[in-house]
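Each ligand, and each atom within it, is numbered from 1 in the order the structure gives.
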Amino acid sequence: MSRIQSDVMRELLKVYFIAGSVNGKKDLVSIVEEAIDGGVTLFQYREKGNGALTGDAKYELAKRVQELCKRKNIPFIVNDDVDLALELDADGVHIGQEDEAAASVREKIGDKILGISVHTLEQAQKAAAQGADYFGVGPIFSTQSKADARDAQGTALIELFKNHKIETPIVAIGGITAENTPPIIKAGADGVSVISAISQADSVYEAAKKLKEAVFQTV
Ligand SMILES: Nc1nc(C(F)(F)F)ncc1COP(=O)(O)OP(=O)(O)O
Ligand SMILES: [Mg+2]
């Protein structure tokens, strides 16, 4: 196996759904299946927040969602928990600035997908040098899904990265909806990632479909 090509990574980042057992109104497997059928292109299992699962329960749920993603041919990314990602042979890992160091994670995961949250140009340049396959950039808008989120920054950082000819694929995150997606794509993001815009929707399928339309209709 070799590292994912950037153009393939850009396509996967178009509609990136992130969720765990605490983010939805019903069971996670049903939510993820509906979201994928609605048009999600990549999934990240993020088991965090009040009531989040741990240990065997977390592993069993992750395995069930991973099996669904395999059936649907959607790559399965694990947030933070590198050991779980290795145990499941997941398709990749996402880490932030406060998580395990990127160089150490890259060493452990080989050529699997490595996503890194970045908040400054310097962090982006360092993350690229340490083998990031994509950057998570945000929060673009204020978010209810991450208790310790930093201040909302709009699309300024995406534009800064583009002006500095940063080549690494970029997905935007933080308070994103179908309605506020167009300017994010126009600013240069390759895709958008969401938690509650899909997981909290009355129709998960319709929410995913609307988000995909918003991304693909923005030229
Ligand atoms: N989980 C994430 N996924 C993305 C992605 F690019 F995938 F959209 N971007 C950013 C984050 C946030 O990552 P982090 O800063 O470690 O916080 P947490 O571990 O609480 O999610
Ligand atoms: Mg993290």
Worksheet item: Would a 4.5 Å heavy-atom cut-off, applied to side chains only, mark Glu11 and Asp190 as touching?
Response: no
Worksheet item: What atoms of ligand 1 come within less than 4.0 Å of a heavy atom belonging to Val171?
Response: 5 (C), 6 (F), 8 (F)
Worksheet item: Relative to the heavy atoms of Arg46, which atoms of ligand 1 are at a distance of less than 4.0 Å?
Response: 18 (P), 20 (O), 21 (O)
Worksheet item: What part of Ile18 sits under 4.0 Å from ligand 1 if we count only heavy atoms: the side chain, the backbone, both or neither?
Response: side chain
Worksheet item: Going through the checks in order, is the side chain to side chain contact (heavy atoms under 4.5 Å, CB included) test met by Ile173 and Ile18?
Response: CA-CA 10 Å; Ile173 189 168; Ile18 301 174; 3.7 Å; yes
Worksheet item: For Asp148, is at least one N or O under 3.5 Å away from an N or O on ligand 1?
Response: no
Practice prompt. Would you kindly specify which portion of Glu98 sits under 4.0 Å from ligand 1, judged on non-hydrogen atoms: side chain, backbone, both or neither?
Written response: neither
Worksheet entry | Criterion side chain to side chain contact (heavy atoms under 4.5 Å, CB included) on Val29 and Leu61, from CA distance to verdict | CA-CA 8 Å; Val29 176; Leu61 177 57; 4.2 Å; yes
Worksheet item: Is it true that Phe43 and Leu84 fall in one hydrophobic cluster, defined by side-chain heavy atoms closer than 4.5 Å?
Response: yes
Item to complete: Could you tell me whether Glu213 and Lys209 make a salt bridge, using a distance below 4.0 angstrom between a side-chain N and a carboxylate O?
Response: yes
Worksheet item: So among Ile77, Val40, Leu211, which one has a side-chain contact (heavy atoms from CB on, under 4.5 Å) with Tyr16?
Response: Ile77
Fill in: Heavy-atom closest contact (Ala201 atom, Ala207 atom, distance)
CB-CB, 3.5 Å
Worksheet item: Which ligand 1 atoms, with their elements, are less than 4.0 angstrom from a heavy-atom of Ser193?
Response: 8 (F)
Response to the item:
the protein heavy atom lying closest to atom 17 (O) of ligand 1 turns out to be Lys146 NZ, 2.9 Å
Discussion item. Distance alone, cut at 3.5 Å: any donor-acceptor contact between the side chains of Glu122 and Thr120?
Written reply: no
Item to complete: Give the intermediate values and the outcome of side chain to side chain contact (heavy atoms under 4.5 Å, CB included) for residues Asp133 and Lys112.
Response: CA-CA 9 Å; Asp133 293 303; Lys112 292 179 182 297; over 6 Å; no
Worksheet item: When you measure from atom 1 (N) of ligand 1 to every protein heavy atom, which one gives the shortest distance, and what is it?
Response: Gln44 OE1, 3.1 Å
Item to complete: Under 4.0 Å from a heavy atom of Tyr16: give me the atoms of ligand 1 that qualify, with their elements.
Response: 5 (C), 7 (F), 8 (F)
Practice prompt. Have a look at the Mg ion (ligand 2) and estimate, to 10 degrees, the angle subtended by OD1 (Asp80) and OD2 (Asp99).
Written response: 90°
Practice prompt. Indicate yes or no: does an N/O atom of His119 lie under 3.5 Å from an N/O atom of ligand 1?
Written response: no
Worksheet item: What's the shortest distance from atom 5 (C) of ligand 1 to any protein heavy atom, and which residue and atom give it?
Response: His94 CE1, 3.7 Å
Discussion item. Can you check which of Leu13, Asn79, Asp99 brings a heavy atom nearest to atom 16 (O) of ligand 1?
Written reply: Asp99
Discussion item. Under 4.0 Å from a heavy atom of Gly96: which atoms of ligand 1 are those, numbered in the order shown and with their elements?
Written reply: 14 (P), 15 (O), 16 (O)
Worksheet item: Is the closest side-chain donor-acceptor distance between Glu47 and Ser21 under 3.5 Å?
Response: yes
Discussion item. Quick test: of every protein heavy atom, which one is nearest to atom 12 (C) of ligand 1, and how far off is it to 0.1 Å?
Written reply: Ser117 OG, 3.4 Å
Worksheet item: With a cut-off of 4.0 Å, which atoms of ligand 1 are near a heavy atom of Gly136?
Response: 6 (F), 9 (N)
Discussion item. I need the Lys63 NZ to Phe76 CZ distance, nearest 0.5 Å.
Written reply: 9.5 Å
Discussion item. If the cut-off is 4.0 Å to any non-hydrogen atom of Asp80, which atoms of ligand 1 fall inside it?
Written reply: 16 (O), 19 (O)
